[in-house]
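Here's the structure we're looking at; comments come further down.
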There are 2 protein chains.
Amino acid sequence: MSHSSYGRLMAVDREHVLRSAAALLARSPAATMDEVAKAAGIGRATLHRHFAGRDALVRALESLGIQEIEAALDASDIETGPAEDALRRFVAAVEPAAGLLAFLVTENQLFEGDVHEGWNRTDARICGLFRRGQESGEFRIDLPAAWLSEALSGLISACAWSIQDGRVAARDFTRMTVELLLGGVRRSAQ
Amino acid sequence: MSHSSYGRLMAVDREHVLRSAAALLARSPAATMDEVAKAAGIGRATLHRHFAGRDALVRALESLGIQEIEAALDASDIETGPAEDALRRFVAAVEPAAGLLAFLVTENQLFEGDVHEGWNRTDARICGLFRRGQESGEFRIDLPAAWLSEALSGLISACAWSIQDGRVAARDFTRMTVELLLGGVRRSAQ
DNA sequence: ACTCGATGAGACACTCATGTCTCATTCGAG
DNA sequence: CTCGAATGAGACATGAGTGTCTCATCGAGT
């Protein structure tokens, strides 16, 4: 921390602010800039010094979300091994970012047409996972991979909300999400 | 239309306004009262004459949504027959209200804790459906019925959004939603 | 101890949606 | 045709959130 004029020194603070903002906005998407600042333990002025405005903050959260999801994709080594196992690993890895993902899903709903380019990238990888499973015979082929990707996002968001509202236990996140997506509700002969 | 002082005469107009508002707000939840009025083909003043304010409008939409879902529950005779068939009938019956349902899901996300009482009623019936399926041996019992109900809402919303964004075909709504929920993505021996 | 950058608090103006009001117009009933 | 209720258009005040600014304070490095 010798030369404080270098922007990267702010990275830790910026990171912390983004984490707080993500946690707050995932719960109350309509939260005020003032509330976001308070939640991060800083003043509103400082918040504006880091992020030009609310749009910039949301954009930064988008980037953070993309980054987390891509990190989960990488960490779970999604392109390797049986698709089912890869999906399990990915959902488990993406759990910490589930709230943020849920926020971005609804937010992207608002910004119709103005989607972050990175979003398409992660979506493509997830679609690729489902397509791989279909080609290998693990997954059924009568449902388009694009829909399966959307459904996965929907289920992750739904589970994150249910946990936030206390309707389901947090520790069951991965199991409930992935089990339902993989096996459905029908009791299979297996 | 003999005595125009009777409030029920406004029912048709009110209905039309609510339909338009539902269609618009399902796409852009942040739409202005002015946009809602324009979408309904009326002036903003008239809109305010029918609904005291934005809150009142949203409440009315909530009631309309509950009403539609309950109508779908009734029409699909959800308490009768095999749970799987009942679920299929319900999803097919609720399709016209899918956009409105998606709007209310995100809206309820905002109004945390302030849920419409009718919402719990419909949720209870849907939970009952899943529980019935579990008790009859049709559905798996390792996933709580409450979560299955949430997941159903999430899938319906996700499918409604995907259709709105043109990512999937509208005619596949029922099949994709119910097939995924019932069977999951795993290719079953069946 | 000094200095400089960053911060927090607050004041301020601006924007925008909302809610209320008025007024001219229209439409239907009598 | 006349009357009255409902409507549409617009003006207006209000409130909330935002973005920008200033200034006093704090803290780390020198």
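Below, chains carry the letters A, B, ... as their sequence lines are ordered, and counting in each starts from 1. This one's a predicted model, so the numbers in the text were calculated from it and none came from an experiment. Heavy-atom basis, side chains included; hydrogens, waters and symmetry copies ignored.
- Place Ala45(A) and Ala30(A) on DNA chain D by their nearest nucleotides, and Ala30(A) ends up nearer the 5' end.
- Looking at heavy-atom distances under 4.0 Å, Arg49(B) makes contact with a base.
- Using a cutoff of 4.0 Å between basic side-chain nitrogens and carboxylate oxygens, Arg19(B) and Glu68(B) are scored as salt-bridged.
- Of the possible polar contacts, none joining the Ser149(B) side chain to the Ala146(B) backbone as a donor-acceptor pair under 3.5 Å is found.
- For Arg44(A) against dG19(D), a side-chain-to-base donor-acceptor contact under 3.5 Å is present.
- Checking dG8(C), dA9(D), dG19(C) against every side-chain atom of His48(B), the shortest atom distance belongs to dG19(C).
- Note that CD of Glu138(B) is 9.5 Å distant from CG of Leu182(B), once rounded to the nearest 0.5 Å.
- Taking atom CG on Asp34(B) and atom P on dG8(D), their separation rounds to 12 Å, with Å as the unit.
- Closest approach of Leu129(A) to Ala86(A), counting heavy atoms only: CD1-CB, 3.8 Å.
- Computed from coordinates, the Lys38(A) NZ to dT18(D) C1' distance equals 14 Å when rounded to whole Å.
- Using modelled atom types, no side-chain atom of Gln134(A) and backbone atom of Phe139(A) make a donor-acceptor pair closer than 3.5 Å.
- Residue His50(B) places at least one side-chain N or O under 4.0 Å from the OP1 or OP2 atom of dT7(D).
- Proximity of Thr32(A) to the phosphate of dG17(D): a side-chain N or O atom is located under 4.0 Å from OP1 or OP2.
- If you measure from atom CD of Glu35(A) to atom P of dA16(D), you get 13 Å, rounded to the nearest angstrom.
- The nearest whole Å value for the distance from the CG atom in Leu47(B) to the P atom in dA9(D) is 13 Å.
- The distance from atom CZ of Arg54(B) to atom P of dC16(C) is 17 Å, rounded to the nearest whole Å.
- Closest to the Thr46(A) side chain, of the nucleotides dT7(C), dG19(C), dC21(D), is dT7(C).
- Side chain of Ile42(A), nearest nucleotide from dG19(C), dG8(C), dT18(D): dG8(C).
- Rounded to a whole Å, the CE atom of Met33(A) is 10 Å from the P atom of dT20(D).
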